[in-house]
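Input: a single structure, listed below in structure tokens.
Hydrogens, waters and symmetry mates are skipped; everything else that's a heavy atom, side chains included, is used.
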Amino acid sequence: MLSKALACLSVLMLACAPALGQVYWMYVANESEDTVALVRFDGSALNVERKIPVGNVITEIEGPHGLAVSPDGRHWFVSLAHGQPFGKVVRYVTGTDEKTGEVTLDLFPATMAFSPLTGLLHVVNFNLHGPMVPSVISVVDPVTMVEVGRTTTGVMPHGSHFTPAGNRHYSVAMMSGELFEQDALNLQVRRQLSLGRSVKPTWVVVHPTMPLAYVAGNGTHEILEVDLDKWQVERQFAVKGAPYNLAMTTDGLYVVATLKEAQAVGLYDSGTGEERTRISTSQPVTHGVVVTPDNRFAFVTSEGVGHTPGTVDAIDLAQQALVASVATGLQAGGIAFWKIDQ
């Protein structure tokens, strides 16, 4: 009887692991106050552990926009978009948040991602305030903090995502309505796919095991599924509320979308395209989203309006419910997952 009771207790402890000590850490960019918040989630409550001031000009808002953590977890990187005129990417040490390097790039560097193959950081220059001309992807050596290449894509590029192998990089161009595939080795555009200008694509994620990509059609209120072998749109999922950023569970079963006009986040079945649930967020102007490596939670940022601080919400993907929220700062946007502590 005792052994059976102990076995039951072990199962219960595993089921309640996050509440019994599993801790999730992430960085969140507060674009209108030039800070990055280190946020901790213990399975029940979100807390801002500290705010790290970023930027160099006290009298200007330099706009921390995108975030990325190095594959080894030793550094985090933030793009400062509102440069004079060019923005930059700055490197910090995780844990101590010591600034250790920076590199000036192009107009409005925004989202970024690391190639698992080359280790290089691909930074999409959104060119928000510039003329409506094709912009570039900057490729940065994260060790030397030197820009080693530039690739021209479309008008107002956004989103930055690699295949699991790291040999192909995908981004979209919001104002020219295109999906771009970049070779991670020679840094050239291999293919571009016209999605239609009305689509106004804002994000792209790649399926972890299948040759599929999912694009947020912000202008047409849909998610587009692209077959990467055929290089064509296979399906279109209706998504009311202007999908903006996307994340995917590591098993490839679900796409999580922030719905910028709906103050909500949606969970979509990648097999059927069905909206499984829609959860209201704590603040309007829903922005970024990450899914934890164990697929337990999605963390969603909302910018807020005016002087109301933006927030991070924790969404329990099993319960399909909002379980915690915390205010991080003005215009919470970019978010990057750091680690899980056991």
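- One distance of note links CD1 of Ile223 with OG of Ser270; it measures 10.5 Å at 0.5 Å rounding.
- For the residue pair Asn295 and Thr250, a side-chain donor N or O sits within less than 3.5 Å of a side-chain acceptor on the partner.
- In this structure, Ser79 and Met112 approach most closely via the heavy-atom pair N-CE, 3.5 Å.
- Below 30°, between 30° and 60°, or above 60°: for Phe108 and His82 the angle between ring planes is between 30° and 60°, a tilted geometry.
- Atoms CG and CG, from Leu185 and Leu117 in turn, are 5.5 Å apart once rounded to the nearest 0.5 Å.
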Working for side-chain hydrogen bond (donor to acceptor under 3.5 Å, both in side chains), residues Thr100 and Glu98: CA-CA 6 Å; Thr100 58; Glu98 175 192 2; over 6 Å; no

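- A pairwise comparison of heavy atoms in Ile61 and Ser32 identifies CD1-O, 3.6 Å as the closest pair.
- Residues Leu330 and Val36 do not share a hydrophobic cluster, defined by chaining ILVMFWY side chains whose heavy atoms lie under 4.5 Å apart.
- For the pair Ser135 and Pro157, the tightest heavy-atom approach, listed with the atom from each and the gap, is CB-CD, 3.5 Å.
- Shown here for Thr104 and Glu147, the closest heavy-atom pair between the two residues is O-OE1, 4.3 Å.
- The side-chain contact (heavy atoms from CB on, under 4.5 Å) with Thr328 is formed by just one residue from the set Thr301, Val312, Leu46; it is Val312.
- No side-chain heavy atom of Ile335 sits under 4.5 Å from any side-chain heavy atom of Val289.
- Of the listed residues (Phe299, Tyr92, Trp338), just one forms a ring pair (Phe, Tyr, Trp, His ring centres under 6.0 Å) with Tyr27, and that residue is Trp338.
- Residue pairs satisfying the salt bridge (charged side-chain N to carboxylate O under 4.0 Å, His left out) criterion with at least one member in residues 72-88, sequence neighbours excluded, are listed as follows: Lys88-Glu102.
- Looking only at side-chain heavy atoms (C-beta outward), Tyr268 and Tyr254 stay at 4.5 Å or farther from each other.
- Side-chain atoms of Gln263 come within 3.5 Å of backbone atoms of Thr281 as a donor-acceptor pair (strictly under, hydrogens ignored).
- Ring pair His158/Phe126 is tilted by interplanar angle, where 30° to 60° counts as tilted.
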Assess the residue pair Tyr244 and Trp203 against the criterion (side-chain contact (heavy atoms from CB on, under 4.5 Å)); give the C-alpha distance rounded to whole Å, side-chain angles, the decisive distance to 0.1 Å, and a yes or no. CA-CA 7 Å; Tyr244 186 62; Trp203 207 261; 5.9 Å; no

Should Leu80 and Val90 be marked as a side-chain contact (heavy atoms from CB on, under 4.5 Å) after you check the CA-CA gap, both sets of side-chain angles, and the distance that decides it? CA-CA 8 Å; Leu80 300 181; Val90 187; 3.8 Å; yes

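- Using modelled atom types, no side-chain atom of Gln331 and backbone atom of Gly304 make a donor-acceptor pair closer than 3.5 Å.
- In this structure the side chain of Val326 never reaches within 4.5 angstrom of the side chain of Thr311, judged on heavy atoms.
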Could you go through Lys260 and Glu303, starting from their C-alpha distance and side-chain angles, then the distance that decides it, and tell me whether this counts as salt bridge (Lys or Arg N to Asp or Glu O under 4.0 Å)? CA-CA 10 Å; Lys260 199 160 190 177; Glu303 298 175 18; 3.5 Å; yes

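- In this structure, the side chains of Gln342 and Gln22 come closer than 4.5 Å at one or more pairs of heavy atoms.
- Of all the heavy atoms in Thr35 and Val54, the pair that sits closest is N-CG2, 4.0 Å.
- Linking Ile, Leu, Val, Met, Phe, Trp and Tyr whenever their side-chain heavy atoms come within less than 4.5 Å puts Leu179 and Val199 in one cluster.
- Here the closest heavy-atom approach between residue Pro134 and residue Val155 is recorded as N-CG2, 3.8 Å.
- Both Val123 and Val103 are assigned to one and the same hydrophobic cluster, defined by single-linkage of ILVMFWY side chains at heavy-atom distances under 4.5 Å.
- In this structure the side chain of Leu121 reaches within 4.5 angstrom of the side chain of Val89, judged on heavy atoms.
- A donor-acceptor contact under 3.5 angstrom links the side chains of Ser282 and Asp313, judged on distance only.
- Within the structure, salt bridge (charged side-chain N to carboxylate O under 4.0 Å, His left out) contacts touching residues 179-195 (residues at least two apart or in different chains) are Arg168-Asp183, Glu181-Arg190, Glu181-Arg191.
- Neither side chain, Glu178 nor Ser194, offers a donor N or O lying under 3.5 Å from an acceptor on the other.
- Listed for the Thr94 side chain is a donor-acceptor partner under 3.5 Å among the backbone atoms of Gly73.
- A side-chain donor from one of Ser138 and Asn125 sits under 3.5 Å from a side-chain acceptor of the other.
- Among residues at least two apart or in separate chains, salt bridge (charged side-chain N to carboxylate O under 4.0 Å, His left out) pairs with a member in residues 45-54 are Glu33-Lys51, Arg50-Asp97.
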List the steps, then state whether side-chain contact (heavy atoms from CB on, under 4.5 Å) holds for Arg150 with Ile137. CA-CA 6 Å; Arg150 285 188 176 189; Ile137 296 173; over 6 Å; no

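- Side-chain contact between Ile340 and Val23: absent, with no pair of heavy atoms (C-beta onward) separated by less than 4.5 Å.
- Considering only residues two or more places apart in sequence or on other chains, His65 meets the side chain to side chain donor-acceptor pair (under 3.5 Å) condition with Glu31.
- Under the 3.5 Å distance criterion, the side-chain polar atoms of Arg91 are left unmatched by any main-chain donor or acceptor of Thr144.
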Just do the side-chain contact (heavy atoms from CB on, under 4.5 Å) check on Ile315 and Val265 with the steps written out, would you? CA-CA 9 Å; Ile315 307 295; Val265 58; 4.2 Å; yes

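- Looking at heavy atoms from C-beta onward, His169 lies out of side-chain contact with His161 at the 4.5 angstrom threshold.
- Side-chain atoms of Gln283 and Ser302 form no donor-acceptor pair, as typed in the model, at a separation below 3.5 Å.
- Distance alone, capped at 3.5 Å, is enough to place a donor-acceptor pair between the Ser70 side chain and the His75 backbone.
- Here the side chains of Val48 and Leu38 are not in contact, with every heavy-atom distance at 4.5 Å or above.
- Screening Val291, Thr292, Leu67, Val69 against Phe337 for a side-chain contact (heavy atoms from CB on, under 4.5 Å) leaves a single residue, Thr292.
- No donor-acceptor distance shorter than 3.5 angstrom exists from the side chain of Ser280 to the backbone of Ala264, with no hydrogens or angles considered.
- Asp227 places no side-chain N or O within donor-acceptor distance of the main-chain N or O of Gln232, the cut-off being under 3.5 Å.
- Contacts of Asp251 classified as side chain to side chain donor-acceptor pair (under 3.5 Å), with partners at least two apart in sequence or in another chain: Thr249.
- Sorted by first then second residue, the salt bridge (charged side-chain N to carboxylate O under 4.0 Å, His left out) pairs that include residues 152-162, not counting sequence neighbours, number zero.
- Grouping the Ile, Leu, Val, Met, Phe, Trp and Tyr side chains by contacts below 4.5 angstrom, directly or via other members, places Met248 apart from Val215.
- Taken together through direct or relayed side-chain contacts under 4.5 Å among Ile, Leu, Val, Met, Phe, Trp and Tyr, Val124 and Leu107 form parts of separate hydrophobic clusters.
- Taking the six-membered ring wherever Trp is involved, the centroid distance between the rings of Tyr170 and Phe162 does not fall below 6.0 Å.
- In summary, the side chains of Thr151 and Gln182 do present a donor paired with an acceptor at a separation below 3.5 Å, with no hydrogens or angles considered.
- In summary, the aromatic rings of Phe77 and Phe114 are positioned with their centroids under 6.0 Å apart.
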